[in-house]
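Report on the structure given below.
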Amino acid sequence: MPELPEVETVRKGLLDFLPLKINKVERTPELASILKTEEFSLKGLTISSLERKGKVLIFHLGNGKTVVSRFGMAGSWEVSEEKNKKKHNHLQLHCTSSQGAVFLSYVDARRFGKMHIGYQEVTKRELAKVGVDVTTEEFNEKVLRDIFKKYPDRQIKPLLLEQEKLAGIGNYLACEILAHCKVRPTRRCKTITKEETKKMVWATKKVVSESIEKNGLTFTKTTGYRDVLGNAGEFFDGLVVFRQKLCKMCGDGPVKKIVLATRGTFYCPQCQK
DNA sequence: CAATCGACCTGCTGGC
DNA sequence: TGCCAGCAGGTCGATT
Ligand SMILES: [Zn+2]
């Protein structure tokens with residue numbers, strides 16, 4: 001269920017343990033459906049740096065060796081001092097980290113995640129499918145305007161979710177961004193004004209950065225997204241429409257829920273035009 | 001070609 | 001309380 005802020009929080013959490021030398025690899029048979037590429041063994045390699053583009057996390061292990069990880073709806077990386085005995089732990093790496101001996105695990109109950117263990121070429125190929133990351137300098141008004149020009153008849157909200165166009169936005173971020181720039185999710189791109197486009201860039205930067213500051217969003221108490229040490233994200237109170245009854249911007253508008261491209265979509269008819 | 005829509009999985013939530 | 005349909009933060013591939 002991770003969007004850009006959750007993946008970034010996981011990345012930052014792992015940074016504290018670098019370098020991570022992998023001494024032993026344990027895996028379940030179910031990893032096979034997640035692991036799309038396997039060009040070498042991880043045993044004996046050392047994770048030296050971590051990169052992120054949109055919702056994709058990239059591990060660098062030296063000599064052009066990389067791991068590309070997409071979390072799907074329920075996947076995440078966890079660090080523990082004790083062996084991680086969680087039910088859906090499909091890959092457990094016994095490591096020596098800068099903090100001592102730890103276990104690095106990829107846990108994914110629904111197995112919608114994808115992983116590639118491959119050389120630079122694989123990373124390059126995978127990242128080529130990913131559009132402009134919304135946290136980069138590259139993301140600006142022109143990028144959005146060009147997309148709108150190219151897809152004039154499409155509804156804005158499903159378009160925001162497409163990672164080949166903009167990278168990092170998922171369902172909650174899309175709803176929140178559109179609320180903050182006061183644009184209804186059903187609006188066709190060609191009807192979005194220059195002023196609204198400008199505001200959408202601002203809203204994207206605002207919502208994404210605020211969620212990152214809060215270490216992402218956790219919904220359910222028991223399950224759902226956690227950082228590498230098992231802590232919940234605290235962005236819940238920052239939501240203004242997503243899964244809300246009342247709009248938190250105007251304070252009294254009842255939030256409407258519709259379905260767009262099979263995804264639950266929330267907006268305030270009072271605030272958003 | 002672009003756009004929509006079910007399929008992939010497990011587990012929580014809410015209504016009866 | 002128990003059961004069970006409906007739904008979930010995301011892609012993909014097949015089909016229109
Ligand atoms: Zn409102």
Side-chain angles (χ1 to χ4, degrees), chain A residues 1-10 28-37 52-57 68-77 86-90 106-116 125-131 134 147-179 185-186 188-190 207-208 210-212 214-227 232-236 238-245 257-266:
Chain A
M1 318 161 203
E3 305 187 18
L4 189 155
E6 291 73 34
V7 178
E8 178 62 10
T9 304
V10 167
T28 62
E30 288 74 33
L31 183 70
S33 67
I34 295 167
L35 193 54
K36 298 296 170 187
T37 309
R52 181 191 55 70
K53 187 176 184 188
K55 304 173 192 170
V56 184
L57 183 63
V68 177
S69 173
R70 254 177 263 252
F71 297 12
M73 288 282 258
S76 196
W77 290 87
K86 290 237 179 77
K87 191 172 176 188
H88 300 288
N89 186 352
H90 298 114
Y106 179 73
V107 182
D108 188 347
R110 297 175 72 181
R111 280 175 271 143
F112 287 177
K114 301 273 177 288
M115 201 184 298
H116 299 265
R125 193 218 311 147
E126 288 304 309
L127 293 189
K129 304 179 204 162
V130 180
V134 295
I147 294 172
F148 296 167
K149 220 177 279 177
K150 198 167 171 193
Y151 304 96
D153 296 320
R154 291 201 54 192
Q155 293 179 311
I156 179 65
K157 199 258 187 171
L159 196 68
L160 287 179
L161 297 177
E162 294 188 10
Q163 302 301 300
E164 321 85 75
K165 303 187 176 68
L166 290 179
I169 299 174
N171 207 32
Y172 87 78
L173 288 175
C175 294
E176 292 296 301
I177 288 164
L178 291 172
T186 48
R188 305 284 164 182
C189 290
K190 65 184 170 197
V207 176
V208 171
E210 286 180 3
S211 184
I212 290 174
K214 298 286 186 182
N215 298 319
L217 176 61
T218 299
F219 287 116
T220 48
K221 302 265 181 282
T222 50
T223 186
Y225 160 78
R226 302 275 144 164
D227 71 9
E234 303 289 348
F235 188 60
F236 195 86
L239 297 173
V240 294
V241 290
F242 189 75
R243 296 208 198 161
Q244 305 296 305
K245 286 267 171 285
K257 185 187 178 185
I258 58 174
V259 175
L260 285 186
T262 73
R263 311 298 302 277
T265 303
F266 300 79

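Letters go in sequence order (proteins before strands), and every chain restarts at 1. Because the structure is predicted, anything quoted here is derived from the model rather than measured.
Within the 4.5 Å cutoff, the side chain of S69(A) has no heavy atoms near those of the K114(A) side chain.
Toward the 5′ end of DNA chain C lies the nearest nucleotide of N171(A), the other residue of the pair R70(A) and N171(A) mapping further downstream.
In this structure, F242(A) has its ring center closer than 6.0 angstrom to the ring center of F219(A).
For DNA chain C, the neighbouring residues in residues 107-116 of chain A, judged by any heavy atom under 4.0 Å, are R110(A), F112(A), K114(A).
OP1 or OP2 of dA8(C) has at least one side-chain nitrogen or oxygen of K257(A) nearer than 4.0 Å. Distances shown here put a side-chain N or O of H88(A) below 4.0 Å from the OP1 or OP2 atom of dG11(B). The phosphate of dT11(C) (OP1 or OP2) has a side-chain N or O of Q163(A) nearer than 4.0 angstrom. The side chain of K129(A) places no N or O atom within less than 4.0 Å of a non-bridging phosphate oxygen (OP1 or OP2) of dC12(C).
Going from atom CZ of F148(A) over to atom CZ of R154(A) covers 11.5 Å, rounded to the nearest 0.5 Å.
A donor atom on one side chain and an acceptor atom on the other are found under 3.5 Å apart for E6(A) and Y172(A).
Annotation: dC4(C) and dC9(B) have their P atoms spaced 23 Å apart (nearest Å). Here the separation of dG6(C) from dG6(B), taken at their P atoms, is 14 Å to the nearest Å. Atom name P, nucleotides dG11(B) and dT1(C): the rounded distance is 23 Å, in whole Å.
Residue E126(A) contributes atom CD, which lies 12 Å from atom P of dT11(C) at whole-angstrom precision. Summarising the geometry, the separation between NZ on K55(A) and P on dC12(C) is reported as 10 Å, rounded to the nearest angstrom. Going from atom CZ of F219(A) over to atom P of dC7(C) covers 16 Å, rounded to whole Å. The nearest whole Å value for the distance from the CG atom in L260(A) to the P atom in dA3(B) is 15 Å. E6(A) has its CD atom 9 Å from the P atom of dG10(C), to the nearest Å. Rounded to an integer number of Å, the gap from R226(A) CZ to dG11(B) C1' is 14 Å. The CG-C1' distance, from L159(A) to dT11(C), rounds to 16 Å in whole Å. In this structure, CD of E30(A) is placed 9 Å from P of dT10(B), rounded to the nearest angstrom.
dC9(B) makes up no base pair with any nucleotide shown, lacking Watson-Crick or G-U wobble contacts both under 3.5 Å.
Between E126(A) and K36(A), no side-chain nitrogen of the basic residue sits less than 4.0 Å from a carboxylate oxygen of the acidic one, so the salt-bridge criterion is not met. Checked for salt-bridge contact, E164(A) and K129(A) miss the test: no charged N lies under 4.0 Å from a carboxylate O.
Here R263(A) lies in heavy-atom contact (under 4.0 Å) with a base. No engagement by F71(A) is indicated, since no non-hydrogen atom pair under 4.0 Å with the nucleic acid exists.
Out of dA8(C), dG10(C), dG6(B), the shortest distance to the side chain of R243(A) is found at dA8(C).
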With side chain to side chain contact (heavy atoms under 4.5 Å, CB included) as the criterion, how do V7(A) and K53(A) come out once you've worked through the C-alpha distance, each side chain's angles and the decisive distance to 0.1 Å? CA-CA 9 Å; V7(A) 178; K53(A) 187 176 184 188; over 6 Å; no

Can D108(A) and Y106(A) be said to form a side chain to side chain donor-acceptor pair (under 3.5 Å), step by step? CA-CA 7 Å; D108(A) 188 347; Y106(A) 179 73; 2.7 Å; yes

